[in-house]
Peer 1: 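Below you'll find the structure I mean.
For reference, positions follow the sequence shown, starting with 1. We use all heavy atoms of the structure for the numbers below, so side chains are in, but hydrogens, waters and symmetry mates are not. Counting starts at 1 for both ligands and their atoms, following the listed order.
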Amino acid sequence: MKHFLKETDFKPHELGEVFALARELKAKRGRHTSAVLAGQTWATIFSKSSTRTRVSFEVGIHELGGNPLFLNKNDIQLGRGESVEDTAKVLSRFVHGLIVRTFDHGEVERLAAAGTVPVINALTDFLHPCQIYTDAFTMAERWAAPGGDLVASLRGRKIAFLGDTACNMANSWILGANLFGMKIALAGPAEFAPGAELKAQLKRENFPVDSYQFTTDPFEAVRDADVVYTDVWVSMGKEEEKAERIRQMSPYAVTSKLFAAAKPDALFMHCLPAHPGEEVEQAVLDNPRSIIFDQAENRLHMQKSILAVLAQSVRK
Ligand code: CP
Ligand code: NVA
């Protein structure tokens, strides 16, 4: 049985299948119904807000013939102190998979260890792997020849990540760049350089600890970049640090001038929600090379592919 808690839970030789299935499901949407989750219920346990992740998973499970069951953490006993392990064991008796958005990354690992059904990480403070796979797929749609190898089209490309370079998206993109053979440069305040938890993860994965570039100069990071990427400066759970973060990160806003310093055909990407006037200028969000809404849509297609592949692993 397979879980999807971090980028590397699919091995390089499995990526082709996951990406190709996402492309097929996207092309066939509405014309072809897949019953890969027929008779199954997948629970989504959310401890944080969500628009894209919650809706794309609920719609995706439904479109695969399954039944999505939304559980707000505070509506179940987990929110009143029932243990993560007991929750995993009990829910495993009822449902066929768990999709979990929470704070502590250890919580998704403990659910996976104690339960007997696949667990998908729908964002933790440490990683957001569903977003990274979707983003990579969205880039590859632009770069691969029609019907060509999506994963191969990523190799050697450069992504520049600006702003909160210690957040879940930055961590996930460092792991993702290693997995997909991409180069990554991150620019943010020195205090927000990628941290010890990420470095330990790189070591565990046998990825080089210096496999990313970190700089405090945003123009250096975007030089020769194929993608300029940013995320909110105040992630969920960091609201109390808002004023200080905005002060520290304001030199890293993606302005039209900064975007123009990347490759002439560079794409702009953002996992959303965006805060125009903070991490990105409205003009950049509206630029014809901004593909933010393709990214959002592709959450559905990529997650349906991930669900289908995990469901297959249960039957094997
Ligand atoms: N990008 C993303 O995960 O969005 P939501 O927080 O709306 O799910
Ligand atoms: N870094 C952001 C991502 C939101 C999708 C957060 O954790 O709030």
Side-chain angles (χ1 to χ4, degrees), residues 4-7 22 42 44-61 68 70-73 99-108 120-139 159 161-176 184 186-189 192-195 197-198 227 229-242 244-246 248-249 252-254 268-276 278-280 285 290-304 306-307:
F4 186 57
L5 308 184
K6 57 184 189 300
E7 285 66 18
W42 282 61
T44 58
I45 309 176
F46 278 60
S47 304
K48 289 176 172 174
S49 305
S50 172
T51 300
R52 281 143 288 267
T53 310
R54 175 178 173 178
V55 176
S56 56
F57 267 115
E58 289 197 32
V59 171
I61 292 163
F70 179 76
L71 302 169
N72 182 318
K73 183 183 179 180
I99 295 158
V100 185
R101 169 168 286 199
T102 190
F103 293 87
D104 177 14
H105 188 74
E107 191 172 317
V108 292
I120 297 179
N121 175 0
L123 180 148
T124 63
D125 287 348
F126 184 45
L127 296 174
H128 194 5
C130 292
Q131 183 74 54
I132 268 49
Y133 272 51
T134 301
D135 294 344
F137 174 75
T138 310
M139 295 170 194
I159 176 165
F161 190 99
L162 282 298
D164 182 357
T165 45
C167 76
N168 42 17
M169 283 303 305
N171 290 336
S172 266
W173 255 118
I174 292 171
L175 290 179
I184 183 163
L186 305 99
F192 288 84
E197 194 181 3
L198 187 267
V227 175
Y229 202 112
T230 193
D231 183 14
V232 293
W233 290 340
V234 186
S235 282
M236 291 178 276
K238 303 286 183 197
E239 289 78 7
E240 282 179 11
E241 301 170 18
K242 182 174 179 180
E244 181 63 0
R245 282 172 165 261
I246 290 176
Q248 290 168 299
M249 294 180 193
Y252 302 95
V254 181
F268 172 74
M269 300 181 78
H270 190 314
C271 55
L272 303 178
H275 292 79
E278 288 185 18
E279 76 278 2
V280 58
L285 291 165
S290 161
I291 56 170
I292 54 175
F293 297 113
D294 290 339
Q295 265 179 278
E297 178 193 326
N298 284 337
R299 295 292 303 276
L300 174 68
H301 313 303
M302 176 51 76
Q303 289 160 192
K304 280 171 72 179
I306 292 167
L307 285 163

Peer 1: Can you tell me which residue and heavy atom of the protein come closest to atom 7 (O) of ligand 1, and the distance to 0.1 Å?
Peer 2: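 Nearest neighbour among protein heavy atoms for atom 7 (O) of ligand 1, to 0.1 Å: T51 N, 2.7 Å.
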Peer 1: Can you see which heavy atom on G106 is nearest to which on D104, and at what distance?
Peer 2: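 Scanning both residues, the minimum pair turns out to be N-OD1, 2.9 Å.
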Peer 1: For the residue pair F192 and C167, establish whether any side-chain heavy-atom pair is separated by less than 4.5 Å.
Peer 2: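 No, every pair of side-chain atoms sits at 4.5 Å or beyond.
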Peer 1: Using a 4.0 Å heavy-atom cut-off, say whether L123 meets ligand 1 through its side chain, its backbone, both or neither.
Peer 2: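 No part of L123 comes within reach of ligand 1.
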Peer 1: If every non-hydrogen atom of F4 is compared with every non-hydrogen atom of C130, which pair is closest and at what distance?
Peer 2: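 Heavy atoms only, the tightest pair is CE2-N, 3.8 Å.
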Peer 1: Identify the protein heavy atom lying closest to atom 2 (C) of ligand 1, giving its residue, its atom name and the separation to 0.1 Å.
Peer 2: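 Looking at atom 2 (C) of ligand 1, the protein heavy atom closest to it is R299 NH1, 3.4 Å.
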Peer 1: Regarding S172 and E7, do their side chains bring together a donor and an acceptor under 3.5 Å, going by distance alone?
Peer 2: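 There is such a pair (donor and acceptor under 3.5 Å, judged by atom type) between the side chains of S172 and E7.
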Peer 1: Between L272 and ligand 1, is there a nitrogen or oxygen pair with a distance under 3.5 Å?
Peer 2: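 There is such a contact, yes.
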Peer 1: For the 3.5 Å polar cut-off, considering only N or O atoms, please tell me whether C167 and ligand 2 meet it.
Peer 2: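 By distance alone, the answer is no.
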Peer 1: Are any side-chain N or O atoms of Q295 and backbone N or O atoms of H270, one a donor and one an acceptor, separated by less than 3.5 Å?
Peer 2: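 Yes, Q295 side chain to H270 backbone: donor-acceptor pair under 3.5 Å.
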Peer 1: Closer than 3.5 angstrom, by distance alone: can the side chain of R245 be matched with the main-chain N or O of V234 as a donor-acceptor pair?
Peer 2: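 No.
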Peer 1: May I ask you to test the L300-R52 pair for a side-chain heavy-atom distance under 4.5 Å?
Peer 2: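 Sidechains of R52 and L300: no contact.
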Peer 1: Sub-3.5 Å donor-acceptor pair from the side chain of T230 to the main-chain atoms of L162, do we have one?
Peer 2: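 Yes, T230 side chain to L162 backbone: donor-acceptor pair under 3.5 Å.
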Peer 1: So which protein heavy atom does atom 4 (O) of ligand 1 come closest to, and at what separation?
Peer 2: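 Sorting protein heavy atoms by distance from atom 4 (O) of ligand 1 puts R52 NE, 2.8 Å first.
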Peer 1: Go through ligand 2 atom by atom and flag the ones less than 4.0 Å from a non-hydrogen atom of N168.
Peer 2: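 That gives atoms 1 (N), 2 (C), 6 (C), 7 (O) of ligand 2.
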Peer 1: Name the closest protein heavy atom to atom 8 (O) of ligand 2, giving the residue it belongs to and the distance to 0.1 Å.
Peer 2: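 Answer for atom 8 (O) of ligand 2: M236 N, 2.8 Å.
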Peer 1: Ligand 2 and S235, any nitrogen or oxygen pair closer than 3.5 angstrom?
Peer 2: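 The answer is yes, given that S235 and ligand 2 share an N or O pair closer than 3.5 Å.
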Peer 1: Output the list of atoms in ligand 2 that are nearer than 4.0 Å to some heavy atom of L272, sorted by atom number.
Peer 2: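 Here the atoms of ligand 2 in question are 5 (C).
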Peer 1: Indicate yes or no for a side-chain donor-acceptor contact from R101 to the backbone of A122 under 3.5 Å, with no hydrogens or angles considered.
Peer 2: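 Between the backbone of A122 and the side chain of R101 there is a qualifying donor-acceptor contact (under 3.5 Å).
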Peer 1: Is there any N or O on D231 that sits under 3.5 Å from an N or O of ligand 2?
Peer 2: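 The answer is yes, given that D231 and ligand 2 share an N or O pair closer than 3.5 Å.
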Peer 1: Among all the protein's non-hydrogen atoms, which is closest to atom 4 (C) of ligand 2, and how far away is it?
Peer 2: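 Scanning the protein heavy atoms, the shortest distance from atom 4 (C) of ligand 2 goes to L123 CD1, 3.9 Å.
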Peer 1: Among M236, H270, R101, which residue places a heavy atom closest to atom 6 (O) of ligand 1?
Peer 2: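 Heavy atom nearest to atom 6 (O) of ligand 1 belongs to R101.
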Peer 1: With heavy atoms of H128 as the reference, note each atom of ligand 1 found under 4.0 Å away.
Peer 2: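 Result: 2 (C), 3 (O).
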